[in-house]
S.K.: 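Following this message is one structure expressed as structure tokens.
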Amino acid sequence: MKALPTDRAIALVDGNNFYVSCERVFNPKLEGKPLVILSNNDGCIVSRSQEARALGIPMGLPFFEAKHFIKSHQLQWLSSNYALYGDMSDRLMHVLSEFATQQEIYSIDECFLDLSGHQAPLTAYAQEIRQRTLQYLRLPTCVGIGPSKTLAKLANHIAKKNPQFTGVFSWEACHPQDQTDWLKKIAVDEVWGVGRKLSAQLHQLQIHTVYDLQNTNPELIRQRFSVVLARTVHELNGISCLHMNDLKNMPRQQQIISSKSFGQVIEKIELLQEAIASYVCRAAEKLRQQQSTCQLITVFIRTSPFAKNSLPYKPQITIPLSIATADSRRLVQAAYFGLKHIFRSGYRYQKAGIILSELQDQAQHQNDLFSQVNLQQSTQVMQTMDLLNQRYGANTVTLASTGLTAGNARHWRLRANQKSQNFTTRWTEIPYALANRHT
DNA sequence: TCTGGGGTCCTAGGACCC
DNA sequence: TCTGGGGTCCTAGGACCC
């Protein structure tokens, strides 16, 4: 039994049931009730309150399989409201940023903080962090602290599952024998980077607990699996291999995806075209926001993987662009070209999407000598479009190809039957008392 | 009837070249 | 006509994450 090193300290802070908590901030009536938040299309359950978990509702469950709880246990449900969660996330990250010199935002509801060099005990400091987010934003959080990111994640898991720690667990504050006990108690599939497939294979090698994996030769793991899992073994031993990517040295995003399931299956290419065009427009807007251009666009369409009595078909095609671009019109053109190639009639399509990749910095843009495209004009048109949409709301101006059919008639539109208001991002929807103050 | 969306990284294998 | 190995680059697909 050897103690984990203490020279480095990384904290993982994350919001408890983040989406649920965001909704409860603005609707306290939801407090103490079983509540679930649904994915796009009201398809799956993506966030559950403690009370909903207690009913045995697992993460990711298709909503229709949980609907009976609405009657039997007054289960409350909401469609997801990403504008709200995104905005609350920004606020949370800002509050947390004040507690460390280095912060890496890892997902909408969690970030790493580098606490190396801080005075022990770190658990007290972590409690302070929790108090602050609760006081400023009414968002409950948990904190896990360890010498590597992987151990910090694991510590966070322990903090969350064991109420006696009141939301904070730190390896450094833990006796070496207790450290070992925890590692022996936790299943290997809880480790960050070990998913379903890997854990099944690890079980075959008699590696069942975190402790087992920690004490396997990383070289052997590298040969049998990959460098990624070997790195995880090092991390579990307190040797930090995954470094902090804070905002300053954040690598640029490498691809932008926009895809969605349809409200109902569609069979006509015209409707697919509308959907694809609107996905391209959204992705291209993101592309311009980060001041990039792209060189490749991938289009994919697919039938439902769950449909029992129809053939599966899920083609995709990647179209190279002669010049890197961020012009929605050119991207839509290319996407249509691809769609025509892969489309086959007679199938019931349930989902489509596009991926922009080979992203480049707009500044390094190279124009093709032989191209007829007037770059400057293209940039101006796109800038104007983005500006109008920013000022007057999304989709004020868009390409005709995204469908001129009146709103609800668009078959491919999402279902979102029960969405809360945009409490923090739209003047017209912020809570009354607050709105009054500003008028 | 109803089953999410948006990312990252790595690897194996094919094409091509010398 | 027969016959080789090694390197690089690219892509598709798989695994993982939230």
Side-chain angles (χ1 to χ4, degrees), chain A residues 12 14-19 36-48 58-68 70 77 79-82 85-86 89 104-112 149-150 153 156-157 188-202 222-232 241-242 245 250-265 279 282-283 286-287 290 295-296 298 300 302-309 314-320 348 350-359 414-418:
Chain A
L12 179 81
D14 81 339
N16 304 346
N17 332 320
F18 187 65
Y19 296 171
V36 293
I37 312 296
L38 307 183
S39 66
N40 266 326
N41 241 346
D42 294 342
C44 292
I45 290 166
V46 292
S47 182
R48 306 157 294 157
M59 186 69 168
L61 187 76
F63 181 44
F64 69 86
E65 289 182 28
K67 270 189 174 163
H68 60 277
I70 299 174
W77 64 277
S79 308
S80 41
N81 182 345
Y82 291 107
Y85 312 146
S89 172
E104 175 184 338
I105 297 171
Y106 178 69
S107 75
I108 192 161
D109 73 332
E110 64 191 288
C111 74
F112 292 101
K149 283 182 170 179
T150 306
K153 285 283 262 187
N156 185 281
H157 170 80
V188 72
D189 24 317
E190 298 293 348
V191 173
W192 189 36
V194 177
R196 260 221 310 279
K197 289 271 165 60
L198 277 178
S199 69
Q201 292 175 50
L202 288 169
R222 197 191 61 76
Q223 284 166 16
R224 287 230 97 115
F225 298 90
S226 67
V227 290
V228 185
L229 195 59
R231 236 170 4 218
T232 300
C241 306
L242 305 168
N245 287 318
M250 222 21 197
R252 204 168 1 101
Q253 211 170 314
Q254 294 176 37
Q255 56 178 29
I256 295 173
I257 302 178
S258 179
S259 77
K260 279 189 178 36
S261 302
F262 306 126
Q264 56 190 92
V265 290
Y279 302 157
R282 173 179 333 192
K286 266 199 201 170
L287 187 68
Q290 63 164 46
Q295 188 94 58
L296 291 180
T298 303
F300 63 87
R302 64 185 53 156
T303 54
S304 167
F306 304 103
K308 293 196 180 74
N309 35 18
K314 43 175 204 169
Q316 82 174 48
I317 188 171
T318 299
I319 314 286
R348 295 159 54 78
Q350 174 258 352
K351 178 174 180 172
I354 62 104
I355 304 171
L356 307 181
S357 49
E358 297 257 302
L359 306 194
L414 292 176
R415 275 189 308 271
N417 287 334
Q418 199 151 301

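Chain identifiers are assigned alphabetically (A, B, ...) following the order of the sequence lines, protein sequences preceding nucleic acid strands; residue numbering begins at 1 within each chain.
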S.K.: Nearest-Å distance, CG (A:Leu242) to P (C:dC16)?
M.R.: 16 Å
S.K.: Taking atom C1' in both B:dG4 and C:dC17, compute the distance separating them and give it to the nearest angstrom.
M.R.: 15 Å
S.K.: For A:Thr298, run the side-chain contact (heavy atoms from CB on, under 4.5 Å) check against A:Ile355, A:Ile319, A:Leu356 and tell me which one passes.
M.R.: A:Ile355
S.K.: Nearest to the side chain of A:Phe64, which nucleotide is it out of B:dG7, B:dG5, B:dT3?
M.R.: B:dT3
S.K.: Which comes earlier along DNA chain B counting from the 5' end, the contact point of A:Gln254 or that of A:Phe225, where each point is its nearest nucleotide?
M.R.: A:Gln254
S.K.: Heavy atoms only, 4.0 Å cut-off, all strands: where does A:Leu38 land among base, sugar-phosphate and nothing?
M.R.: nothing
S.K.: Output the rounded distance in Å from CZ (A:Arg224) to C1' (C:dA15).
M.R.: 18 Å
S.K.: Considering just the side-chain nitrogens and oxygens of A:Lys153, establish if one lies under 4.0 Å of OP1 or OP2 belonging to C:dC17.
M.R.: no
S.K.: Whole Å only: how far is the NZ atom of A:Lys197 from the C1' atom of B:dC10?
M.R.: 15 Å
S.K.: Taking any heavy-atom pair under 4.0 Å as a contact, classify A:Ile108: base, sugar-phosphate, or nothing.
M.R.: nothing
S.K.: Pick base, sugar-phosphate or nothing for A:Ser304, based on heavy-atom distances below 4.0 Å to the nucleic acid.
M.R.: nothing
S.K.: Quick one: A:Ile257 CD1 to C:dG13 P, roughly how many Å, whole number?
M.R.: 15 Å
S.K.: Ring-plane angle category for A:Trp192 and A:Phe112, please: parallel below 30°, perpendicular beyond 60°, tilted otherwise.
M.R.: tilted
S.K.: Ignoring backbone atoms, establish whether A:Ser80 has a side-chain N or O less than 4.0 Å from OP1 or OP2 of B:dG4.
M.R.: no
S.K.: Quick check: on DNA chain B, is the nucleotide nearest A:Ser226 upstream (toward 5') of the one nearest A:Tyr82, or the reverse? Name the residue that is more 5'.
M.R.: A:Tyr82
S.K.: Between A:Asp42 and A:Asn417 (side chain of the first, backbone of the second, donor and acceptor by atom type, cut-off under 3.5 Å), is there such a pair?
M.R.: yes
S.K.: Choosing from B:dG5, B:dC10, B:dG6, which nucleotide comes nearest the side chain of A:Ser258?
M.R.: B:dG6
S.K.: Nearest to the A:Lys260 side chain among B:dG5, B:dT3, C:dC18, which nucleotide is it?
M.R.: B:dG5
S.K.: Rounded to whole angstrom units, what separation is found between the CD atom of A:Gln201 and the P atom of C:dA15?
M.R.: 8 Å
S.K.: Rounded off to whole Å, could you give me the NZ-to-P distance for the A:Lys351 and B:dG4 pair?
M.R.: 7 Å
S.K.: Roughly how many Å is it from CG in A:Leu61 to P in B:dT3, rounded to a whole number?
M.R.: 13 Å
S.K.: Just checking A:Tyr106: base, sugar-phosphate only, or nothing, at a heavy-atom cut-off of under 4.0 Å?
M.R.: sugar-phosphate
S.K.: Mind calculating the distance between CZ (A:Arg196) and P (C:dG14) to the nearest angstrom?
M.R.: 14 Å
S.K.: Is A:Gln253 touching bases, backbone alone, or none of the nucleic acid, heavy atoms closer than 4.0 Å?
M.R.: sugar-phosphate
S.K.: Heavy atoms under 4.0 Å, any strand shown: does A:Asp109 hit a base, just sugar-phosphate, or nothing?
M.R.: sugar-phosphate
S.K.: Where the side chain of A:Ser107 is concerned, which of B:dG4, C:dC18, B:dG6 is the nearest nucleotide?
M.R.: C:dC18
S.K.: Please tell me which of the listed nucleotides, B:dG5, B:dG7, C:dC17, lies nearest to the side chain of A:Lys286?
M.R.: B:dG7
S.K.: For A:Arg348, is the CZ atom crowded, meaning more than 12 foreign heavy atoms sit under 6.0 Å from it?
M.R.: no
S.K.: I'd like to know if the side chain of A:Ser89 and the backbone of A:Ile108 have a donor-acceptor N/O pair within less than 3.5 Å.
M.R.: yes
S.K.: Any strand is fair game: report the nucleotide pairing with B:dC18 by Watson-Crick or G-U wobble, both distances under 3.5 Å, or none.
M.R.: C:dG5
S.K.: Check whether A:Asn156 reaches the backbone of A:Leu12 with its side chain - one donor and one acceptor, N or O, closer than 3.5 Å.
M.R.: yes
S.K.: Applying a 4.0 Å non-hydrogen cut-off, can you work out what A:Glu65 is touching in the nucleic acid: base, sugar-phosphate, or nothing?
M.R.: nothing
